[in-house]
Amino acid sequence: MVLLLFGPPGCGKGTQARMVSSWLGIPAISTGDLLRAEVEARTALGITAAEIMETGGLVGDGLVNAMLIRRVEHSDCARGFLLDGFPRTVAQAGFLDGYLASRQLPPGRIIYLDVERQTLVDRMSARRQCPVCGKIYNLLHQPPRAKGVCDNDGTVLIRRKDDHQSIIRQRLKEYDELTGPVLDHYRGPRVHSVDGDQPAERVFEDIAGAIQWAPEREPSSAA
Ligand SMILES: [Zn+2]
């Protein structure tokens with residue numbers, strides 16, 4: 001099974017990627033993580049990507065596609081994989097469709113974690129971080145034991161620059177502009193929209209339900 005996980009910043013996508021990955025026994029692949037790993041390992045691809053990013057450019061589809069293919073050809077992806085952060089453009093989506101067809105894999109299933117934009121703004125602007133140990137809190141659902149200070153070291157918590165409302169709104173707008181056309185590309189029965197504004201366990205149950213009850217279930221994924 002090939003799953004493509006979509007959702008706006010702050011929707012809890014990383015948590016769901018981990019839960020779904022361990023449930024299905026398939027790796028969760030984040031293209032952002034892959035790119036960072038290539039840059040750190042100073043591979044040819046990583047060096048090229050780092051040069052582009054240093055000048056403020058976006059790493060092109062060709063590079064991202066090549067990096068992704070290299071990863072999904074590892075043996076741990078034989079039964080399928082979950083992609084987080086890919087495809088990001090319609091061109092990448094077209095490339096992935098072609099690649100899956102060429103490997104005679106079923107087309108990807110899309111899970112979209114839907115959360116009201118205002119809820120995301122509220123969630124993210126409630127984030128606080130300890131400037132000393134880096135621990136992240138959320139005043140709404142993961143507050144520190146003592147108000148305003150870190151559980152570990154008593155340091156006064158701060159709000160990170162990118163957790164301010166105007167910046168959050170800008171990021172959400174950019175996400176919608178970028179992802180809208182990709183979701184349109186996939187529009188149809190393979191797209192499952194899941195209510196992401198629930199506790200993580202419930203979101204996961206909804207995802208599991210959507211995957212199991214969807215049509216075109218390939219026999220190899222039956223466990
Ligand atoms: Zn701390």
Side-chain angles (χ1 to χ4, degrees), residues 1-32 34 61 64-65 67-69 71-74 76-120 172-223:
M1 178 175 305
V2 174
L3 285 177
L4 315 179
L5 189 58
F6 287 91
C11 73
K13 197 155 50 82
T15 304
Q16 295 303 323
R18 284 190 293 277
M19 292 169 86
V20 172
S21 159
S22 77
W23 173 55
L24 291 174
I26 58 176
I29 298 166
S30 149
T31 37
L34 282 184
D61 288 341
V64 179
N65 292 346
M67 186 181 71
L68 180 83
I69 294 315
R71 176 64 187 87
V72 301
E73 294 196 332
H74 287 193
D76 64 340
C77 293
R79 292 183 58 240
F81 45 89
L82 179 152
L83 298 181
D84 172 359
F86 189 95
R88 199 165 284 245
T89 64
V90 174
Q92 288 179 355
F95 171 82
L96 180 65
D97 294 346
Y99 172 76
L100 294 175
S102 77
R103 270 190 56 186
Q104 295 177 324
L105 288 166
R109 295 265 193 77
I110 291 82
I111 303 286
Y112 178 70
L113 297 181
D114 194 15
V115 184
E116 286 269 352
R117 296 301 178 263
Q118 186 56 47
T119 306
L120 294 172
L172 290 172
K173 186 165 162 271
E174 283 167 8
Y175 177 83
D176 288 333
E177 283 169 2
L178 199 64
T179 312
V182 180
L183 289 172
D184 283 345
H185 169 86
Y186 286 114
R187 192 166 296 286
R190 287 191 286 128
V191 179
H192 309 286
S193 187
V194 168
D195 178 7
D197 190 12
Q198 313 180 75
E201 288 295 335
R202 290 293 309 277
V203 176
F204 172 69
E205 281 169 22
D206 286 357
I207 293 175
I211 295 170
Q212 284 184 326
W213 297 114
E216 308 173 58
R217 186 182 183 193
E218 71 267 34
S220 62
S221 73

Decide yes or no for [X] and [Y]: does some side-chain heavy atom of the first lie under 4.5 Å from some side-chain heavy atom of the second?
{"X": "Cys11", "Y": "Tyr175", "result": "no"}
{"X": "Asp206", "Y": "Gln198", "result": "yes"}
{"X": "Asp195", "Y": "Val203", "result": "no"}
{"X": "Glu201", "Y": "Met19", "result": "yes"}
{"X": "Leu3", "Y": "Leu24", "result": "yes"}
{"X": "Tyr112", "Y": "Leu183", "result": "yes"}

With Phe204 via ring-ring contact (aromatic ring centres under 6.0 Å, His included) - residues at least two apart: Trp23
Listed partners of Asp184 passing salt bridge (Lys or Arg N to Asp or Glu O under 4.0 Å), at least two apart: Arg187
Test salt bridge (Lys or Arg N to Asp or Glu O under 4.0 Å) applied to Asp176 - qualifying residues, sequence neighbours left out: Arg117
Separation of [Y] [atom2] from [X] [atom1] (nearest 0.5 Å):
{"X": "Asp114", "Y": "His192", "atom1": "CG", "atom2": "NE2", "answer": "14.5 Å"}
{"X": "Arg109", "Y": "Ile211", "atom1": "CZ", "atom2": "CD1", "answer": "7.0 Å"}
{"X": "Leu83", "Y": "Ile111", "atom1": "CG", "atom2": "CD1", "answer": "12.5 Å"}
{"X": "Leu96", "Y": "Asn65", "atom1": "CG", "atom2": "CG", "answer": "8.5 Å"}
{"X": "Met67", "Y": "Thr31", "atom1": "CE", "atom2": "OG1", "answer": "6.0 Å"}

Shortest non-hydrogen separation from [X] to [Y] and the atoms involved:
{"X": "Pro87", "Y": "Tyr186", "answer": "CG-OH, 3.5 Å"}
{"X": "Pro8", "Y": "Leu172", "answer": "CB-CD2, 3.9 Å"}
{"X": "Pro27", "Y": "Gly80", "answer": "CD-O, 3.6 Å"}
{"X": "Ala91", "Y": "Asp61", "answer": "CB-OD2, 3.2 Å"}
{"X": "Leu68", "Y": "Phe86", "answer": "CD2-CE2, 3.5 Å"}
{"X": "Ala17", "Y": "Ala28", "answer": "O-CB, 3.9 Å"}

Atom CD of Glu205: over 12 foreign heavy atoms under 6.0 Å: yes
Partners meeting side chain to side chain contact (heavy atoms under 4.5 Å, CB included) with Arg88 (sequence neighbours left out): Gln92, Leu178
Pairing of Arg71 and Asp76 as salt bridge, 4.0 angstrom limit: yes
Side-chain donor-acceptor distances from residues 97-106 under 3.5 Å, at least two apart:
from   : atom 1 : to     : atom 2 : distance (Å)
Asp97  : OD2    : His185 : NE2    : 2.8
Tyr99  : OH     : Glu73  : OE2    : 3.0
Tyr99  : OH     : Arg103 : NH1    : 2.9
Ser102 : OG     : Tyr99  : O      : 2.7
Arg103 : NH1    : Val72  : O      : 3.2

Criterion side chain to side chain contact (heavy atoms under 4.5 Å, CB included) on Leu113 and Ile207, from CA distance to verdict: CA-CA 9 Å; Leu113 297 181; Ile207 293 175; 3.9 Å; yes
Pairs involving residues 4-27, ordered by first then second residue, that meet salt bridge (Lys or Arg N to Asp or Glu O under 4.0 Å) (sequence neighbours left out): Lys13-Asp84
Donor-acceptor contact present, side-chain Arg190 to main-chain Gly108, <3.5 Å: yes
Side chain to side chain contact (heavy atoms under 4.5 Å, CB included) between Leu82 and Ile29, worked out: CA-CA 6 Å; Leu82 179 152; Ile29 298 166; over 6 Å; no
